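Everything quoted here is computed from the prediction, not taken from an experiment.
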Amino acid sequence: MRLGVPIALQDGFIQIAFIVITVIANRRGLNDAAAVGIVEKMICLLFLVPSSMLSTVSVVSSQNFGAGKPERARLALWYAILIDVAFGAAAAIIMQFLAEPAVALFSDSAAVVRLGGQYLRGYVWDCLLAGVHFCFSGYFCACGLPGVSFLHNMLSIVCARIPLAYLASKYFPDTLFPMGLAAPAGSLLSIAICAAALVIVSGRPDKPQAPSEGGKWLRRCPLE
(Lines give C-alpha, C1' and ligand atoms only; values in the text may rest on other atoms or scores of the structure.)
Protein backbone atom coordinates (compact mmCIF):
# COMPACT_ATOMS: atom_id res chain seq x y z
CA MET A 1 0.00 0.00 0.00
CA ARG A 2 2.78 2.44 0.90
CA LEU A 3 4.34 1.97 -2.55
CA GLY A 4 1.33 1.17 -4.69
CA VAL A 5 -1.12 3.90 -3.65
CA PRO A 6 1.12 6.92 -4.51
CA ILE A 7 2.05 5.36 -7.85
CA ALA A 8 -1.58 4.60 -8.70
CA LEU A 9 -2.69 8.12 -7.75
CA GLN A 10 0.16 9.61 -9.74
CA ASP A 11 -0.81 7.73 -12.90
CA GLY A 12 -4.45 8.69 -12.40
CA PHE A 13 -3.70 12.39 -12.05
CA ILE A 14 -1.49 12.31 -15.14
CA GLN A 15 -4.37 10.91 -17.18
CA ILE A 16 -6.69 13.58 -15.76
CA ALA A 17 -4.17 16.24 -16.79
CA PHE A 18 -4.18 14.90 -20.36
CA ILE A 19 -7.99 15.05 -20.37
CA VAL A 20 -7.97 18.66 -19.14
CA ILE A 21 -5.45 19.69 -21.80
CA THR A 22 -7.59 17.97 -24.45
CA VAL A 23 -10.62 19.92 -23.23
CA ILE A 24 -8.63 23.16 -23.53
CA ALA A 25 -7.68 22.24 -27.09
CA ASN A 26 -11.27 21.28 -27.97
CA ARG A 27 -12.45 24.76 -27.01
CA ARG A 28 -10.15 26.25 -29.67
CA GLY A 29 -11.98 24.56 -32.52
CA LEU A 30 -12.15 21.37 -34.56
CA ASN A 31 -8.79 21.70 -36.32
CA ASP A 32 -6.94 22.42 -33.09
CA ALA A 33 -8.62 19.52 -31.34
CA ALA A 34 -7.75 17.14 -34.19
CA ALA A 35 -4.14 18.34 -34.26
CA VAL A 36 -3.70 17.89 -30.51
CA GLY A 37 -5.29 14.44 -30.62
CA ILE A 38 -2.96 13.26 -33.38
CA VAL A 39 0.15 14.60 -31.66
CA GLU A 40 -0.84 13.05 -28.32
CA LYS A 41 -0.92 9.62 -29.98
CA MET A 42 2.45 10.24 -31.64
CA ILE A 43 3.97 11.31 -28.33
CA CYS A 44 2.69 8.10 -26.73
CA LEU A 45 4.73 6.20 -29.31
CA LEU A 46 7.87 8.25 -28.68
CA PHE A 47 7.43 7.82 -24.93
CA LEU A 48 7.87 4.05 -25.14
CA VAL A 49 11.61 4.47 -24.58
CA PRO A 50 11.41 6.83 -21.56
CA SER A 51 8.65 4.70 -20.03
CA SER A 52 10.70 1.54 -20.43
CA MET A 53 13.65 3.27 -18.74
CA LEU A 54 11.43 4.05 -15.74
CA SER A 55 10.66 0.36 -15.29
CA THR A 56 14.27 -0.63 -15.98
CA VAL A 57 15.68 1.74 -13.36
CA SER A 58 13.12 0.58 -10.81
CA VAL A 59 13.92 -3.12 -11.33
CA VAL A 60 17.71 -2.82 -11.64
CA SER A 61 18.01 -0.43 -8.69
CA SER A 62 15.84 -2.67 -6.51
CA GLN A 63 18.01 -5.67 -7.30
CA ASN A 64 21.20 -3.80 -6.48
CA PHE A 65 19.81 -2.35 -3.26
CA GLY A 66 18.83 -5.90 -2.29
CA ALA A 67 22.32 -7.11 -3.11
CA GLY A 68 23.85 -4.41 -0.91
CA LYS A 69 25.33 -2.51 -3.87
CA PRO A 70 23.66 0.93 -3.83
CA GLU A 71 26.49 2.42 -5.90
CA ARG A 72 25.43 0.21 -8.82
CA ALA A 73 21.84 1.36 -8.37
CA ARG A 74 23.01 4.95 -8.72
CA LEU A 75 24.98 4.03 -11.87
CA ALA A 76 21.84 2.47 -13.33
CA LEU A 77 20.04 5.76 -12.77
CA TRP A 78 22.71 7.83 -14.54
CA TYR A 79 23.08 5.43 -17.47
CA ALA A 80 19.31 5.36 -17.98
CA ILE A 81 19.22 9.17 -17.93
CA LEU A 82 21.97 9.29 -20.57
CA ILE A 83 20.04 6.88 -22.80
CA ASP A 84 16.85 8.88 -22.40
CA VAL A 85 18.56 12.20 -23.08
CA ALA A 86 20.25 10.85 -26.20
CA PHE A 87 17.02 9.37 -27.56
CA GLY A 88 14.92 12.39 -26.60
CA ALA A 89 17.37 14.86 -28.15
CA ALA A 90 17.48 12.88 -31.39
CA ALA A 91 13.67 12.66 -31.54
CA ALA A 92 13.23 16.36 -30.75
CA ILE A 93 15.75 17.51 -33.36
CA ILE A 94 14.35 15.24 -36.07
CA MET A 95 10.80 16.40 -35.41
CA GLN A 96 11.79 20.05 -35.84
CA PHE A 97 12.26 19.20 -39.53
CA LEU A 98 9.68 16.45 -40.01
CA ALA A 99 6.78 17.56 -37.81
CA GLU A 100 4.33 18.34 -40.63
CA PRO A 101 5.12 15.22 -42.70
CA ALA A 102 4.66 13.11 -39.56
CA VAL A 103 1.27 14.64 -38.78
CA ALA A 104 0.27 14.38 -42.46
CA LEU A 105 0.40 10.59 -42.12
CA PHE A 106 -2.81 10.83 -40.07
CA SER A 107 -4.68 13.74 -41.67
CA ASP A 108 -5.30 15.20 -45.13
CA SER A 109 -6.36 18.58 -43.76
CA ALA A 110 -3.78 21.30 -44.40
CA ALA A 111 -4.94 23.22 -41.31
CA VAL A 112 -4.65 20.18 -39.05
CA VAL A 113 -1.19 19.36 -40.44
CA ARG A 114 -0.01 22.94 -39.89
CA LEU A 115 -1.35 23.15 -36.34
CA GLY A 116 -0.19 19.63 -35.48
CA GLY A 117 3.31 20.47 -36.68
CA GLN A 118 3.37 23.51 -34.41
CA TYR A 119 2.17 21.53 -31.41
CA LEU A 120 4.55 18.64 -32.07
CA ARG A 121 7.60 20.92 -32.37
CA GLY A 122 6.97 22.18 -28.85
CA TYR A 123 5.66 19.02 -27.22
CA VAL A 124 8.40 16.71 -28.54
CA TRP A 125 10.98 18.28 -26.21
CA ASP A 126 9.11 16.59 -23.39
CA CYS A 127 10.42 13.28 -24.74
CA LEU A 128 13.88 14.43 -23.63
CA LEU A 129 12.94 16.06 -20.33
CA ALA A 130 10.28 13.61 -19.17
CA GLY A 131 12.73 10.76 -19.65
CA VAL A 132 14.94 12.30 -16.98
CA HIS A 133 12.27 12.55 -14.29
CA PHE A 134 10.91 9.13 -15.31
CA CYS A 135 14.30 7.68 -14.37
CA PHE A 136 14.28 9.55 -11.08
CA SER A 137 10.79 8.22 -10.38
CA GLY A 138 11.92 4.66 -10.96
CA TYR A 139 14.90 5.18 -8.67
CA PHE A 140 12.88 6.70 -5.84
CA CYS A 141 10.29 3.93 -6.06
CA ALA A 142 13.06 1.32 -5.96
CA CYS A 143 14.44 2.72 -2.73
CA GLY A 144 11.08 3.08 -1.00
CA LEU A 145 10.32 6.76 -1.61
CA PRO A 146 7.33 6.76 -4.00
CA GLY A 147 6.07 9.93 -2.33
CA VAL A 148 8.79 11.92 -4.10
CA SER A 149 7.58 10.68 -7.47
CA PHE A 150 3.99 11.50 -6.56
CA LEU A 151 4.96 14.98 -5.31
CA HIS A 152 6.90 16.11 -8.36
CA ASN A 153 4.24 14.85 -10.77
CA MET A 154 1.45 16.57 -8.86
CA LEU A 155 3.31 19.89 -8.66
CA SER A 156 4.21 19.63 -12.33
CA ILE A 157 0.55 19.15 -13.30
CA VAL A 158 -0.92 21.76 -10.97
CA CYS A 159 1.78 24.44 -11.28
CA ALA A 160 2.92 24.08 -14.89
CA ARG A 161 1.24 21.76 -17.36
CA ILE A 162 -2.41 22.72 -16.98
CA PRO A 163 -2.07 26.46 -16.18
CA LEU A 164 0.56 27.03 -18.88
CA ALA A 165 -1.51 25.13 -21.45
CA TYR A 166 -4.51 27.29 -20.57
CA LEU A 167 -2.55 30.55 -20.73
CA ALA A 168 -0.93 29.56 -24.03
CA SER A 169 -4.33 28.70 -25.48
CA LYS A 170 -5.73 32.05 -24.35
CA TYR A 171 -2.91 34.37 -25.38
CA PHE A 172 -1.70 32.56 -28.52
CA PRO A 173 -4.90 31.72 -30.41
CA ASP A 174 -3.19 31.43 -33.81
CA THR A 175 -0.55 28.83 -32.97
CA LEU A 176 -0.26 25.66 -30.91
CA PHE A 177 3.51 25.87 -30.43
CA PRO A 178 3.40 27.65 -27.01
CA MET A 179 0.75 25.22 -25.81
CA GLY A 180 3.03 22.36 -26.79
CA LEU A 181 5.78 23.82 -24.60
CA ALA A 182 3.60 23.50 -21.47
CA ALA A 183 4.51 19.82 -21.07
CA PRO A 184 8.31 20.34 -21.27
CA ALA A 185 7.96 23.20 -18.79
CA GLY A 186 6.23 20.84 -16.37
CA SER A 187 8.99 18.30 -16.83
CA LEU A 188 11.62 20.93 -16.03
CA LEU A 189 9.86 21.56 -12.74
CA SER A 190 9.78 17.82 -12.04
CA ILE A 191 13.51 17.49 -12.75
CA ALA A 192 14.31 20.36 -10.37
CA ILE A 193 12.26 18.74 -7.59
CA CYS A 194 13.81 15.32 -8.19
CA ALA A 195 17.35 16.70 -8.20
CA ALA A 196 16.69 18.61 -4.97
CA ALA A 197 15.19 15.50 -3.35
CA LEU A 198 18.19 13.41 -4.37
CA VAL A 199 20.60 15.94 -2.87
CA ILE A 200 18.60 16.18 0.36
CA VAL A 201 18.25 12.44 0.82
CA SER A 202 21.89 11.81 -0.09
CA GLY A 203 23.01 14.26 2.58
CA ARG A 204 21.13 12.63 5.44
CA PRO A 205 23.45 11.66 8.30
CA ASP A 206 21.31 8.63 9.18
CA LYS A 207 21.41 6.82 5.83
CA PRO A 208 20.58 3.11 6.21
CA GLN A 209 22.89 0.60 4.65
CA ALA A 210 20.78 -2.04 2.93
CA PRO A 211 17.54 -3.97 3.08
CA SER A 212 17.06 -5.66 6.41
CA GLU A 213 17.48 -9.41 6.90
CA GLY A 214 14.65 -11.61 5.77
CA GLY A 215 14.03 -9.56 2.62
CA LYS A 216 12.07 -6.74 4.28
CA TRP A 217 12.81 -3.34 2.81
CA LEU A 218 13.79 -0.47 5.01
CA ARG A 219 11.61 2.58 4.88
CA ARG A 220 14.45 4.84 3.81
CA CYS A 221 16.64 4.68 0.77
CA PRO A 222 20.19 3.24 1.05
CA LEU A 223 21.82 5.78 -1.24
CA GLU A 224 25.50 5.33 -0.44
Any idea which heavy atoms bring Val112 and Ala34 closest together, and the distance?
CG2-CB, 4.0 Å

Rounded at 0.5 Å granularity, tell me how far CZ in Phe134 sits from CG in Asp84.
8.5 Å

Under a 4.5 Å side-chain heavy-atom rule over Ile, Leu, Val, Met, Phe, Trp and Tyr, are Phe177 and Ile24 clustered together?
no

So, does Ser58 use its side chain to make a donor-acceptor pair with the main chain of Leu54 at under 3.5 Å?
no

For atom CZ of Arg72, is the number of surrounding heavy atoms from other residues, nucleotides or ligands below 6.0 Å larger than 12?
no

Residues that Ala183 engages under side-chain contact (heavy atoms from CB on, under 4.5 Å), provided they are two or more places apart:
Tyr123, Asp126, Arg161

Looking only at non-hydrogen atoms, find the nearest pair between Ala76 and Val60 and report the distance.
CB-CG1, 3.7 Å

Mind listing the closest non-hydrogen atom pair of Val57 and Gly138 along with its distance?
CG1-C, 3.9 Å

Output the distance between atom CG (Leu151) and atom CZ (Phe140), rounded to the nearest 0.5 Å.
10.5 Å

Does the side chain of Phe18 come within less than 4.5 Å of Glu40's, by heavy atoms?
yes

Ser187 versus Val132: any side-chain heavy-atom pair under 4.5 Å?
no

Phe106 reachable from Phe47 in the ILVMFWY side-chain graph, under 4.5 Å edges
yes

Indicate yes or no: at least one non-hydrogen side-chain atom of Glu71 is less than 4.5 angstrom from one of Asn64.
no

Closest non-hydrogen atom pair, Leu189 against Cys159:
CD2-CB, 4.0 Å

How long is the span from the CG atom in Leu98 to the CD1 atom in Ile93, to the nearest 0.5 Å?
12.0 Å

Rounded at 0.5 Å granularity, tell me how far OG1 in Thr175 sits from CG in Asp32.
9.5 Å

Any heavy-atom pair between the side chains of Gln96 and Trp125 that's under 4.5 Å?
yes

When rounded to the nearest 0.5 angstrom, what is the spacing between CD1 in Ile21 and CG in Leu164?
9.5 Å

How close do Ala17 and Ile157 get, counting heavy atoms only, and between which atoms?
CB-CG2, 3.7 Å

Single-linkage hydrophobic cluster, 4.5 Å side-chain cutoff, Met53 and Val124 together
no

Clusters formed by hydrophobic residues whose side-chain heavy atoms approach within less than 4.5 Å: which one holds Leu45, and what are its other members?
Leu48

Report the residue from Val39, Leu176, Val103 that forms a side-chain contact (heavy atoms from CB on, under 4.5 Å) with Gln118.
Leu176

From Phe172 atom CZ to Leu167 atom CG, the distance as rounded to the nearest 0.5 Å:
9.5 Å

Cluster overlap Val148 with Tyr139, hydrophobic side-chain contacts below 4.5 Å
yes

Do Ile43 and Cys127 make a side-chain contact, defined as non-hydrogen atoms from C-beta onward lying under 4.5 Å apart?
no

For a 4.5 angstrom cut-off between non-hydrogen side-chain atoms, does Asn153 reach Ser137?
yes

Pick from Leu82, Val85, Ile81: which one makes a side-chain contact (heavy atoms from CB on, under 4.5 Å) with Cys135?
Ile81

Taking Ser169 for the side chain and Ala165 for the main chain, is one N or O donor matched with an acceptor at less than 3.5 Å?
no

Measure across Ile191 and Leu129 and return the closest heavy-atom pair with its distance rounded to 0.1 Å.
CD1-O, 3.4 Å

Backbone of Ala99 reached by a side-chain donor or acceptor of Arg121 within 3.5 Å
no

OH (Tyr79) with more than 12 external heavy atoms under 6.0 Å:
no

Mind running side chain to side chain contact (heavy atoms under 4.5 Å, CB included) on Tyr119 and Met179 for me, showing each step along the way?
CA-CA 7 Å; Tyr119 190 60; Met179 189 173 170; 4.1 Å; yes

Test item: side-chain donor near acceptor, Ser156 and His133, under 3.5 Å:
no

Going hydrophobic residue to hydrophobic residue with side-chain gaps under 4.5 angstrom, can you get from Leu198 over to Leu75?
no

